[in-house]
Amino acid sequence: MELDERKRKILNAIIKNYLETGEPVGSRTISKYTDLNLSSATIRNEMSDLEEMGYIVQPHTSAGRIPSDKGYRFYVDDMLKEKQTEVSEIREKLLEKADKLEVILETAAKMLATDTNYTSMITKPQYKKHLVKFLQLSDFDTRKLLMVIVLDNNIVKNRIIDVPVDLDKEIVLKLNIVLNTFLQGLGIEGINISVIQKLKQQAGEHKELIERILDEIASVIEEEDQLQIYTSGATNILKYPELSDKEKASEILNALEEKNMLTQLISNKLDDDTASKEETGIQVYIGNESSIDSMKDCSLVTATYKLEDGVYGKVGIIGPKRMDYEKVVEALQSLKGQLDDIFKDTK
């Protein structure tokens with residue numbers, strides 16, 4: 001059975017009413033919607049069909065209905081098809097503090113939490129194609145080398161490496177040539193066993209030094225891959241009765257504070273989005289659609305913003321399943337656009 005126009009309207013009316021009140025919705029309430037012009041009996045029949053189809057459920061404590069995850073999913077997808085981005089004033093506010101990326105993101109997270117009355121999160125942009133652009137070894141001190149690592153997105157890192165014996169300039173020059181010959185343009189996945197064996201063969205008696213250098217390169221790339229998340233408005237969760245139970249609230253707040261589970265979730269979603277090499281819009285994860293058990297009663301709505309080619313970040317809102325999706329989507333789409341523009345102007 002497919003949703004006809006009447007069922008769509010009734011389902012939307014149920015969801016909007018539940019979003020506003022948090023209370024199960026009955027047929028008499030829906031019959032008051034003037035654009036439906038239907039009797040309570042007709043609405044009850046349609047609600048029975050919607051329940052049978054899995055879009056709404058009836059709590060055992062009430063005769064009214066509430067949306068199921070499937071119902072929320074339909075509502076969100078249907079709304080996103082028609083929603084258009086509206087211009088906001090966020091850009092001007094953010095530009096006042098555009099001297100540092102961290103300040104921009106922290107400010108944006110606070111504003112988003114204040115504007116929506118939910119919990120907000122923004123990730124620091126991630127470069128998902130870390131490749132070695134250039135390496136340089138040079139004498140630093142007795143039995144110490146300075147290694148400069150340049151990644152292809154022009155991130156520069158310095159590392160001090162201890163060496164067991166003094167190295168003359170010719171050996172250092174040879175190591176520089178060998179390392180750049182075999183490692184330029186490679187990422188972690190490309191530095192495989194075959195490449196490592198060739199490097200060690202070329203390095204001869206200094207193969208242990210090659211191992212140290214490779215460990216440092218891996219450390220630099222992993223450091224850049226670590227996802228940093230800024231959150232704000234965590235205590236807003238406590239404003240919603242269905243999430244304010246002591247045990248539930250504690251689990252949710254712990255997930256937001258520790259960020260380990262949230263980091264894993266967002267990392268997976270960011271990988272999924274950037275892997276498609278497409279511009280991503282709004283993504284909505286309702287209830288069990290997220291992988292975090294403590295957030296099964298929550299919804300997570302995210303948008304991907306773009307710093308430059310290959311550099312992406314996530315901005316998101318966490319709230320109850322009955323969150324005001326329309327308002328949340330408007331806020332995220334607007335902020336996503338402003339972040340895109342700001343980063344273009346400040347590069």
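Note: hydrogens, waters and symmetry copies are ignored here, and every other heavy atom, side chains too, is used. Predicted model, so just to flag it, every value in this text is computed and none were measured.
- In this structure, the side chains of I66 and I15 stay at 4.5 Å or more apart for every pair of heavy atoms.
- With sequence neighbours excluded, no residue forms a salt bridge (Lys or Arg N to Asp or Glu O under 4.0 Å) with E23.
- In this structure, the separation between CG on L3 and CG on D49 is 10.0 Å, given to the nearest 0.5 Å.
- Here the straight-line distance linking atom OG1 of T29 with atom CD1 of I14 works out to 10.0 Å at 0.5 Å rounding.
- Under the salt bridge (Lys or Arg N to Asp or Glu O under 4.0 Å) criterion, D162 pairs with K144, not counting sequence neighbours.
- With a 4.5 Å cut-off on side-chain heavy atoms, L243 and C298 count as touching.
- Between Y18 and Y72, the two ring planes are tilted [angle within 30° to 60°].
- Residues passing the side chain to side chain contact (heavy atoms under 4.5 Å, CB included) test with Q201, sequence neighbours excluded: none.
- Note that CD1 of I213 and CG of L175 are 6.0 Å apart. Values are rounded to the nearest 0.5 Å.
- A chain of hydrophobic side-chain contacts below 4.5 Å, direct or via other Ile, Leu, Val, Met, Phe, Trp or Tyr residues, connects F134 to V148.
- Side-chain contact between L332 and I317 is present, with heavy atoms from C-beta onward closer than 4.5 Å.
- Closest of all the heavy-atom pairs between I282 and A303 is CD1-CB, 3.8 Å.
- Using a cut-off of 4.0 Å between Lys/Arg side-chain N and Asp/Glu carboxylate O, E289 and R73 are scored as salt-bridged.
- In the hydrophobic clustering of ILVMFWY residues, with side-chain heavy atoms under 4.5 Å counting as a link, L173 and L146 come out apart.
- Under the 3.5 Å distance criterion, the side-chain polar atoms of N17 are left unmatched by any main-chain donor or acceptor of A13.
- Looking at D324 and Y118, their side chains come closer than 4.5 Å, going by heavy atoms from C-beta outward.
- The only option from L183, L179, I177 that meets the side-chain contact (heavy atoms from CB on, under 4.5 Å) definition with T181 turns out to be I177.
- R8 and F74 make their closest contact through NH1-CZ, 3.4 Å (heavy atoms, listed as atom of the first residue, atom of the second, distance).
- Using a distance-only test at 3.5 Å, with no hydrogens or angles considered, a donor-acceptor pair links the side chain of T119 to the main chain of G233.
- For the pair V284 and I286, the minimum side-chain heavy-atom distance is below 4.5 Å.
- With rounding to the nearest 0.5 Å, the separation of CG in L253 from OG1 in T235 is 8.0 Å.
- Here the side chains of M295 and L256 are in contact, with some heavy-atom distance below 4.5 Å.
- Residue pairs satisfying the ring pair (Phe, Tyr, Trp, His ring centres under 6.0 Å) criterion with at least one member in residues 196-219, sequence neighbours excluded, are absent.
- Counting non-hydrogen atoms of neighbouring residues, nucleotides and ligands closer than 6.0 angstrom, the NZ atom of K296 reaches no more than 12 such neighbours.
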> Does the pair I43 and M47 meet the rule for a side chain to side chain contact (heavy atoms under 4.5 Å, CB included), with working shown?
Replying inline: CA-CA 6 Å; I43 293 173; M47 289 175 71; 3.7 Å; yes
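- A heavy-atom distance below 4.5 Å is not found between the side chains of E208 and R212.
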>> side chain to side chain contact (heavy atoms under 4.5 Å, CB included) for Y325 and K327? Distances and angles first, verdict last.
In response: CA-CA 5 Å; Y325 290 95; K327 180 179 180 180; over 6 Å; no
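- Residues forming a side chain to side chain contact (heavy atoms under 4.5 Å, CB included) with N12 (at least two apart in sequence, or on another chain): Y75, D78.
- Closest non-hydrogen pair, G190 versus V195, comes out as O-CG2, 3.7 Å.
- Although no hydrogens or angles enter the test, the distance criterion places a donor-acceptor pair under 3.5 Å between the side chain of K70 and the main chain of M53.
- No continuous path of hydrophobic side-chain contacts links I217 to I193 [ILVMFWY only; heavy atoms under 4.5 Å].
- The heavy-atom pair separating M323 from V301 by the smallest distance is SD-CG2, 3.7 Å.
- By the salt bridge (Lys or Arg N to Asp or Glu O under 4.0 Å) test, K321 pairs with D69, sequence neighbours left out.
- The distance from atom NZ of K314 to atom NZ of K336, rounded to the nearest 0.5 Å, is 9.5 Å.
- The side chain to side chain donor-acceptor pair (under 3.5 Å) search around D168 returns none, not counting sequence neighbours.
- Not a single ring pair (Phe, Tyr, Trp, His ring centres under 6.0 Å) links F182 to another residue, sequence neighbours left out.
- Not one N or O on the side chain of S27 forms a donor-acceptor pair closer than 3.5 Å with the backbone of R44.
- Partners of K248 under the salt bridge (Lys or Arg N to Asp or Glu O under 4.0 Å) rule, at least two apart in sequence or in another chain, are D297.
- One finds the CG atom of L137 at 13.5 Å from the CZ atom of R159 (value rounded to the nearest 0.5 Å).
- S39 is linked by a side chain to side chain donor-acceptor pair (under 3.5 Å) to T42, counting only residues two or more places apart in sequence or in another chain.
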>> Evaluate I160 against L145 for side chain to side chain contact (heavy atoms under 4.5 Å, CB included), listing each step before the verdict.
In response: CA-CA 6 Å; I160 303 297; L145 290 177; over 6 Å; no
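- Counting only residues at least two apart or on different chains, the salt bridge (Lys or Arg N to Asp or Glu O under 4.0 Å) pairs with a member in residues 228-244 are E242-R322.
- For the pair K174 (side chain) and Q202 (backbone), a donor-acceptor distance under 3.5 Å is present.
- Across every non-hydrogen atom of T116 and A331, the tightest pair is CG2-CB, 4.0 Å.
- With contacts defined as side-chain heavy-atom distances shorter than 4.5 Å, the pair K246/S250 does not qualify.
- No donor-acceptor distance shorter than 3.5 angstrom exists from the side chain of R65 to the backbone of Q58, with no hydrogens or angles considered.
- Summarising the geometry of A113 relative to S232, their closest heavy-atom pair is CB-O, 3.7 Å, with the distance given to 0.1 Å.
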>> K110 vs Y230, test: side chain to side chain contact (heavy atoms under 4.5 Å, CB included). Steps then yes/no.
In response: CA-CA 9 Å; K110 291 177 182 177; Y230 303 90; over 6 Å; no
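- Every residue two or more places apart in sequence or in another chain that forms a side chain to side chain donor-acceptor pair (under 3.5 Å) with E211 is listed here: K200.
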